[in-house]
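Predicted model only: the values in this text are computed from it and were never measured.
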Amino acid sequence: MESEENLLSVLLLLLLITSRFTMVGPSAPEDGWQVYSSAQDSDGRCVCTVVAPQPNVCSRDARSKQLQHLLEKVNNMSQSIELLEQRTHRDVQFVEKMEIELKGLENKFKEVEDGHEINAARQFKSIRSKMEELRPLIRVLESYKADVLLVAQFKDEAANVTKQLESLQETLSGLDYQDLQSRVMNLEDRLRACMQRLACGKLTGVSEPITIKTSGSRFGSWMTDPLAPPGDNRVWYMDGYHNNRFVREYQSMYDFMMTDNFTSHRLPHPWSGTGQVVFNGSIYFNKFQSHTIIKFDFRTSLISRSRQLDFAGYNNMYHYSWGGHSDIDLMVDEGGLWAVYATNQNAGNIVLSQLNPNTLQIIRSWTTNHPKRSAGEAFMICGTLYVTNGYSGGTKVYYAYSTNSSTYEYIDIPLTNKYSHLSMLDYNPRDRALYAWNNGHQVLYNVTLYHIIQ
């Protein structure tokens, strides 16, 4: 019975991992495992729900376990739907009020044009043109209200499935398990698609850290591929910040957390810093003691592209405040591949460049007023660069530069630095989470994103 239960636990874990939710868990096998799934609450915060097996509990049979599995999945989705409903209800009140004001303003303009002389009407003509620019927003508002109805439908479906599952769990007969499983999977897919529309936004909060594993030296990097195909949940692990060229590949987050089973890849050159990133099957890294960026294809084990990042400082010229040859930091967000570095031409302040992931050519660059050496760490979310004020002790995200508007602002978002030395901090747009290397601990943070209607 114990063997059967362990097998089912592993199968359940693998099923949940392939759902492409954010997966986090404990660092020690004796703690048991946990799987969290990402959602957003009424304030836009990323909310984690958890499924965890009860140790030493033997259900009546495998069928009962299957039903319990489905029930847990539906309960988790129901929580996400509830939070999504709260958020959409709040937002739709705002947009409905805006819609009324827009239509009322349009009517006033019409009255002015009809009731005044030509000169007066001309004065309002420019304002009327602005009104025309705003009119498409009304269609956006209509779509948003339709989303509210969709969320309500999700809620009703989840409640109905939950009721039937609970009934089936009591009787173990009378209903078609396969049909219920299909309905749960369909609802899960539709909910994920709905929530994906709210994926991008402005950072307003970072969760408490979740320790995934404790391994390696004080400095390093770890990551997953945000463009990996469904079912590909490999974890990549790089210990150290210079003169190393071995990358570990773990087949899944579970393997990374619970085992030492990995494949080792030898890069053709050692790397500098901890700013590496895996993107669409290739690893991008800064070649040691150079300003050369290399794209190495894991499928062919060959360099597919290399290019010098002109004028970029290297070899500890413009590192982050913790040092470690962190002159060039590569990162990925919803918009693609980025490089963060500094140049003499910009007086050692941060330069942000969007790169073509195939050719490594610079698509466009932005110069900021933030000194690179004063930054603790940095990451990109939705086209905005976020910078921390340090790497040890009390840490916060305090500077944000938007590439969409070419403007910056100072913010105050606490970041719990649990192990007192951050040497890597990167955002993964697929997981909507921050990956961090904190003094020999591999850590995840969930993020709060405030969604803005474009």
Side-chain angles (χ1 to χ4, degrees), residues 215-228 234-250 256 262-320 322-332 336-344 350-363 365 372 377-380 423-426 428 435 437 440 442:
S215 65
S217 65
R218 193 176 190 184
F219 316 98
S221 60
W222 73 294
M223 65 215 76
T224 58
D225 187 345
L227 280 189
R234 287 177 292 175
V235 176
W236 309 92
Y237 175 96
M238 306 171 73
D239 192 9
Y241 64 82
H242 75 295
N243 207 24
N244 191 354
R245 60 176 71 187
F246 289 96
V247 182
R248 293 182 183 181
E249 172 194 333
Y250 294 84
F256 179 66
F262 62 85
T263 300
S264 185
H265 299 267
R266 187 179 188 273
L267 300 178
H269 303 284
W271 66 76
S272 269
T274 58
Q276 307 86 10
V277 64
V278 174
F279 186 57
N280 198 23
S282 295
I283 185 168
Y284 299 77
F285 66 97
N286 175 208
K287 180 182 176 182
F288 184 53
Q289 293 184 330
S290 76
H291 55 202
T292 299
I293 298 173
I294 292 178
K295 176 185 179 182
F296 179 82
D297 191 333
F298 283 120
R299 290 175 285 257
T300 63
S301 296
L302 295 172
I303 293 176
S304 57
R305 187 70 63 178
S306 67
R307 187 177 297 276
Q308 289 187 344
L309 195 57
D310 293 338
F311 308 112
Y314 64 94
N315 204 25
N316 268 339
M317 178 182 292
Y318 294 123
H319 54 72
Y320 286 134
W322 64 271
H325 295 258
S326 55
D327 305 78
I328 298 175
D329 192 1
L330 302 172
M331 51 190 72
V332 170
L337 180 66
W338 303 83
V340 172
Y341 54 100
T343 64
N344 287 331
I350 290 176
V351 177
L352 174 61
S353 294
Q354 188 171 21
L355 306 180
N356 183 312
N358 297 318
T359 66
L360 298 182
Q361 290 180 318
I362 294 177
I363 299 173
S365 291
K372 178 75 160 48
E377 270 291 338
F379 54 91
M380 291 288 298
S423 61
M424 171 257 179
L425 189 63
D426 269 335
N428 185 306
Y435 284 60
W437 190 292
Q442 292 72 56

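- Here the side chains of Phe311 and Asn344 are not in contact, with every heavy-atom distance at 4.5 Å or above.
- Atom OG of Ser301 sits about 4.5 Å away from atom CZ of Phe296, to the nearest 0.5 Å.
- Applying the salt bridge (charged side-chain N to carboxylate O under 4.0 Å, His left out) definition to pairs two or more places apart or across chains, none involves residues 301-318.
- In this structure, a donor-acceptor pair under 3.5 Å is absent between the side chains of Asn286 and Tyr341.
- In this structure, Arg266 has no salt bridge (charged side-chain N to carboxylate O under 4.0 Å, His left out) partners at least two apart in sequence or on a different chain.
- Closest approach of Gly240 and Ser217 over heavy atoms only: N-OG, 3.8 Å.
- Side chain of Asp327 to backbone of Met317: a donor-acceptor contact under 3.5 angstrom is found.
- Residues Asn244 and Met238 have side chains not in contact (no heavy-atom distance under 4.5 Å, counting atoms from C-beta outward).
- The side-chain heavy atoms of Leu355 and Ile293, taken from C-beta on, include a pair separated by under 4.5 Å.
- Two rings, from Trp437 and Phe219, have their centers 6.0 Å or more apart.
- Here the OG1 atom belonging to Thr292 is positioned 6.0 Å from the NZ atom belonging to Lys287, to the nearest 0.5 angstrom.
- Contact detail for Gly323 and Asn316: the closest heavy-atom pair is C-OD1, 4.0 Å.
- Contact annotation: the side chain of Tyr320 approaches that of Asp329 to within less than 4.5 Å [non-hydrogen atoms, C-beta and beyond].
- Here the straight-line distance linking atom CZ of Phe246 with atom CH2 of Trp271 works out to 9.0 Å at 0.5 Å rounding.
- Counting heavy atoms from C-beta outward, Ser221 and Tyr237 have side chains that stay 4.5 Å or more apart.
- In this structure, Leu267 CG and Ile283 CD1 are separated by 5.5 Å, a value rounded to the nearest 0.5 Å.
- Between the side chain of Trp322 and the backbone N or O of Met424 there is no donor-acceptor pair closer than 3.5 Å.
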Passes side chain to side chain contact (heavy atoms under 4.5 Å, CB included), Trp338 versus Leu352? Steps please. CA-CA 7 Å; Trp338 303 83; Leu352 174 61; 3.8 Å; yes
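- A 4.5 Å side-chain heavy-atom check between Trp236 and Gln276 finds every atom pair outside the cut-off.
- Remark: His269 engages no residue in a ring pair (Phe, Tyr, Trp, His ring centres under 6.0 Å) (not counting sequence neighbours).
- Applying the side chain to side chain contact (heavy atoms under 4.5 Å, CB included) criterion to His242, with sequence neighbours excluded, gives Phe288, His325.
- Considering only heavy atoms from C-beta on, Asp426 comes within 4.5 Å of Met331 through its side chain.
- In the model, Tyr435 has a side-chain atom that pairs as donor or acceptor with a side-chain atom of Thr224 under 3.5 Å.
- Without hydrogens or angle criteria, Asp297 side chain to Leu302 main chain gives no donor-acceptor distance under 3.5 Å.
- Atoms CZ and CZ, on Arg245 and Phe285 in that order, are 8.5 Å from each other to the nearest 0.5 Å.
- Not counting sequence neighbours, the partners of Arg234 by the salt bridge (charged side-chain N to carboxylate O under 4.0 Å, His left out) test are Asp232, Glu249.
- Among all heavy-atom pairs drawn from Val351 and Ser365, the shortest one is CG1-CB, 4.5 Å.
- Although no hydrogens or angles enter the test, the distance criterion places a donor-acceptor pair under 3.5 Å between the side chain of Thr274 and the main chain of Ser423.
- Side chain of Lys372 to backbone of Ala342: no donor-acceptor contact under 3.5 angstrom is found.
- Closest heavy-atom contact between Arg299 and Gly281: NH1-CA, 3.8 Å.
- The shortest side-chain heavy-atom distance between Ile362 and Leu309 falls under the 4.5 Å cut-off.
- Residues satisfying the side chain to side chain contact (heavy atoms under 4.5 Å, CB included) criterion with Phe279, sequence neighbours excluded, are Pro226, Leu227, Tyr284, Val332, Pro357.
- Remark: Ser282 OG to Asn358 CG distance equals 9.0 Å, nearest 0.5 Å.
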